[in-house]
Asker: 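Got a structure here, written out as structure tokens. Questions coming.
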Amino acid sequence: MSGMEKERFFVGNWQLADAGLPLGVNSSSGADQLPNSFVNLGWEHAMRQNSHAHIESALSSLVSSPSFNAPAGNDSVVIRELIGRLGSICNSGDASPSSRYHSPRASYYSTPLNSPPKLNISGADHQQQGMLVNPTADAQFELFAESAASKLGFAEAGKLSRVSSSQSLAAPSGKEVTVSDAVMEMPKFGRGRVSKWPPPEASSASGKLPAVVAENNGRKRKAAPKGKGKASPSSSLAMDPPPKEGNPDSKRRKQAEASAADRSPTVSKPKTEQNSSDDGQKPTENDNANPPEPPKDYIHVRARRGQATDGHSLAERVRREKISERMKLLQDLVPGCNKVTGKAVMLDEIINYIQSLQRQVEFLSMKLATLNPQLEFNMVCLLPKDMHQADVPLPQQVFPLDTATSPFSFAQQSLKIAETNRFNTHAAKNQLDSSIQLPPIVGLTDATNYLGNSDKDDLWYVIQTGFARSQEAPFSPQTLRAE
Amino acid sequence: MIMAFHFLGALSHIQKTTTHSTFVFRCHRIRCAAYTSMALSTGAHSAWSRALLRQKPRRGSLRKRTVILQRPRKRAVRLEEDCQDGADVLRRLVPGCDGMDSAELLDETADYIRCLEEQVSLMRSIVNVISLNFNPKS
């Protein structure tokens with residue numbers, strides 16, 4: 001439960017962490033000097049309140065802060081060792097990228113740090129110290145390891161995941177021993193050769209970790225950092241099992257989450273390999289620590305379980321999904337198509353709707369054609385409210401006039417009025433609402449331009465449309481009446 | 001808004017120039033004006049609007065300002081094999097969608113429907129204005 005709370009707070013604190021805001025910096029007394037401001041995010045609170053988070057923060061501060069001063073405590077000694085070693089390894093291995101990685105890493109890792117201040121895990125006592133007891137904490141460490149794996153390069157990730165697995169191992173068994181074991185084993189494997197790492201004999205969760213790392217090694221790594229940067233790892237990764245989240249997924253996260261239910265750890269691996277072999281044109285990336293830009297010209301697709309994985313059917317599936325997406329959009333456009341399912345019926349409905357709309361256009365144009373010669377529409381642009389009084393008599397004079405009699409004077413009048421007063425649709429709306437007797441007068445926002453264009457005309461039409469959506473309502477009953 | 005501007009301008013133009021024409025001719029002109037204003041308001045980024053503007057070079061410069069290159073389709077895949085005749089009818093209805101595959105066709109259809117609805121509502125409101133204007137006075 002505390003783990004779940006933690007997860008929640010992770011997600012909630014995600015943006016805070018990402019923004020890099022130093023939350024609750026060093027507010028605790030007796031706080032040691034933490035080198036990085038990122039790590040300071042609630043770290044001290046974590047230290048004091050909950051040693052559970054203590055370990056997490058300690059581990060996460062491994063990578064972000066090389067010189068870490070742990071507060072006094074039995075386990076803290078071990079942690080310090082661990083941290084020192086890992087920090088040294090991390091820093092020694094990758095000097096320049098690690099500096100780059102500090103901030104994103106810290107932002108990721110600080111999420112657990114942020115949570116403890118809010119979390120009142122008062123129940124967490126120092127009995128749990130040193131080791132992760134909760135399986136959810138393990139999962140979170142896997143998350144971090146996962147994200148670490150994608151972001152940092154796989155050496156550190158391997159180490160971190162190793163640490164977490166050792167931590168999970170340590171939970172049932174002894175305490176400092178396993179931690180120190182982890183510490184010992186860390187320096188053994190060099191950079192990038194995590195696959196040699198013997199899979200820990202512990203839970204299946206930790207057993208996944210080498211698969212994670214190995215898979216990550218084998219796959220193209222380009223999109224993973226960006227992908228992880230985008231999605232909230234705790235939520236998305238918690239949904240999908242960690243091995244699934246590789247590079248190809250980051251590009252189509254929607255589809256990944258949609259078909260998350262279909263995936264299984266064992267099946268996806270051969271599929272993804274087929275995937276990668278199919279999209280052989282994809283530039284395969286070497287095992288750089290730099291996360292290059294994800295390729296944008298290809299749409300990466302994951303084959304679902306139990307479905308064909310050759311290139312044609314994959315492409316076809318993509319297209320089918322696209323088409324169904326668009327059909328959904330069309331369903332929203334066409335009224336009354338919510339109950340209709342199936343492409344054929346839907347298409348028929350769409351066709352009917354388009355035909356009816358086109359028929360309406362024809363009908364209305366007929367109406368306009370009949371109406372036009374009968375009505376000499378000398379329409380005045382509707383003025384803003386302050387000129388409303390002046391407007392009211394004007395149309396009444398104008399409309400009975402024949403066009404031939406006084407077009408120019410009227411045109412000039414309207415021109416002047418239009419120029420002096422900028423009308424807006426809001427004013428028009430109010431006036432239309434208030435003046436039903438006054439014929440709704442239509443005009444244009446750029447009426448002056450229009451006037452300038454057509455000053456040669458005998459007839460002067462300045463029409464102001466108040467045809468905004470809100471005005472359709474008063475119009476529609478009239479429409480029904482008229483038609 | 002752009003649609004209203006164009007359409008009303010076209011209406012006024014038609015009003016001026018076709019006082020002696022037949023009713024049918026005027027109907028046709030108004031209808032063409034409606035479609036042209038639809039296409040003008042959409043711009044050139046829809047295939048149907050481009051096709052409409054090609055048919056009717058009337059108002060302003062109708063050069064396609066941005067030449068939208070269609071990426072070369074490997075095959076004009078019509079994935080809706082089961083509703084192929086529906087897709088054909090749709091292609092006939094929506095202008096300028098001849099060589100398209102189903103996905104783009106549906107995109108164009110959605111755009112076209114939206115514009116059509118707007119145009120219909122605009123014309124309806126104009127008719128209302130005119131009829132309201134006309135009826136109480138006569």
Side-chain angles (χ1 to χ4, degrees), chain A residues 315-316 319-320 322-323 326-327 329-330 333-334 343-344 346-348 350-351 353-355 357-358 360-362 364-375 377 379 395 399-400 437 439-442 444-446 450 453-454 457-459 461 463 465-467 471-472 475-476 478-479 482, chain B residues 1 4-5 8-9 11-16 18-19 23-35 38 77 79-80 82-83 86-87 89-90 93-94 101-103 106-107 109-110 112-114 116-117 119-138:
Chain A
E316 272 185 30
R319 302 191 57 88
R320 252 180 262 137
K322 269 203 271 183
I323 285 178
R326 277 139 199 201
M327 293 284 289
L329 289 176
L330 279 171
L333 270 185
V334 179
K343 272 194 290 193
M346 197 49 221
L347 268 186
D348 284 340
I350 290 171
I351 288 168
Y353 189 59
I354 291 184
Q355 281 173 342
L357 282 178
Q358 285 175 342
Q360 279 184 28
V361 168
E362 286 216 33
L364 287 170
S365 68
M366 266 172 45
K367 256 197 166 182
L368 280 175
T370 56
L371 283 179
N372 265 2
Q374 296 176 7
L375 179 70
F377 39 121
M379 297 191 185
F399 287 113
Q437 295 307 316
I441 295 177
V442 204
L444 293 165
T445 49
D446 45 355
Y450 186 72
N453 288 340
S454 53
D457 304 334
D458 291 338
L459 300 174
Y461 313 117
I463 304 176
T465 53
F467 73 97
Q471 285 174 340
E472 287 307 299
F475 279 151
S476 47
Q478 297 162 358
T479 310
Chain B
M1 214 51 205
F5 177 65
L8 292 166
L11 268 188
S12 69
H13 187 254
I14 290 170
Q15 176 76 19
K16 282 172 293 185
T18 64
T19 42
F23 172 72
V24 176
F25 179 70
R26 206 179 303 130
C27 282
H28 176 74
R29 287 284 300 273
I30 291 181
R31 195 168 52 92
C32 292
Y35 283 113
M38 265 174 63
V77 172
L79 271 187
E80 304 189 354
D82 46 345
C83 352
V89 175
L90 209 52
L93 281 181
V94 182
D101 48 358
S102 308
L106 291 179
D107 271 342
T109 310
Y112 189 61
I113 287 181
R114 263 184 236 121
L116 263 183
E117 284 173 351
Q119 179 71 32
V120 163
S121 73
L122 168 68
M123 291 174 74
R124 199 174 279 152
S125 61
I126 291 176
V127 165
N128 280 336
V129 163
I130 293 178
S131 59
L132 279 179
N133 202 11
F134 181 64
N135 286 336
K137 307 300 180 202
S138 63

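Numbers restart at 1 for each chain; the letters A, B, ... are given by sequence-line order, proteins then strands.
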Asker: Measuring heavy-atom distances to chain A, does Ala110(B) have an atom under 4.5 Å in its side chain, in its backbone, in both, or in neither?
Answerer: both
Asker: Quick one: does Arg124(B)'s side chain get under 4.5 Å of Gln360(A)'s, heavy atoms only?
Answerer: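 Yes, their side chains come closer than 4.5 Å.
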Asker: Hey, does Val361(A) have a side-chain heavy atom less than 4.5 Å from the side chain of Tyr35(B)?
Answerer: yes
Asker: Can you check whether Asp107(B)'s main-chain N or O pairs, donor with acceptor, with Arg326(A)'s side chain at less than 3.5 Å?
Answerer: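 Judged by distance alone, no pair lies under 3.5 Å.
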Asker: Using 0.5 Å steps for rounding, measure from the CD1 atom of Ile350(A) to the CG atom of Leu106(B).
Answerer: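 Atom-to-atom, Ile350(A):CD1 and Leu106(B):CG are 6.5 Å apart.
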Asker: Enter the distance from Thr370(A):OG1 to Ile130(B):CD1 here, rounded to the nearest 0.5 Å.
Answerer: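 Thr370(A) OG1 to Ile130(B) CD1: 9.0 Å, rounded to 0.5 Å.
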Asker: As an exercise, state the distance from NZ of Lys367(A) to CD1 of Ile126(B), rounded to the nearest 0.5 Å.
Answerer: 12.5 Å
Asker: Just wondering, do Ile354(A) and Leu90(B) contact through their side chains at under 4.5 Å, heavy atoms?
Answerer: yes
Asker: Does any backbone or side-chain atom of Val94(B) lie under 4.5 Å from a heavy atom of chain A? Answer side chain, backbone, both or neither.
Answerer: side chain
Asker: Using every non-hydrogen atom in the two residues, find where Leu364(A) and Val120(B) come nearest and quote the distance to one decimal.
Answerer: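 Between these two residues, the closest heavy atoms are CD1-O, 3.5 Å.
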Asker: Nearest 0.5 angstrom please: His28(B) NE2 to Glu362(A) CD, how far?
Answerer: 10.0 Å
Asker: Write down the atom of Tyr112(B), the atom of Gln358(A), and the distance for their closest heavy-atom approach.
Answerer: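 Heavy atoms only, the tightest pair is OH-NE2, 2.9 Å.
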Asker: What residue among Arg319(A), Lys322(A), Arg320(A) forms salt bridge (Lys or Arg N to Asp or Glu O under 4.0 Å) with Asp101(B)?
Answerer: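 Testing each of Arg319(A), Lys322(A), Arg320(A) against Asp101(B), the sole residue satisfying salt bridge (Lys or Arg N to Asp or Glu O under 4.0 Å) is Arg319(A).
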Asker: Where is the tightest heavy-atom contact between Ser102(B) and Ile323(A), given as atom of each residue plus distance?
Answerer: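 Shortest heavy-atom separation between Ser102(B) and Ile323(A) comes out as CB-CD1, 3.5 Å.
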Asker: Quick check on Leu330(A) against chain B: is it the side chain, the backbone, both or neither that has a heavy atom closer than 4.5 Å?
Answerer: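 Answer is side chain: those atoms of Leu330(A) sit under 4.5 Å from chain B.
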Asker: Quick one: does any side-chain atom of Arg31(B) pair with a main-chain N or O of Ser365(A) as donor and acceptor, under 3.5 Å?
Answerer: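 It does not hold such a pair.
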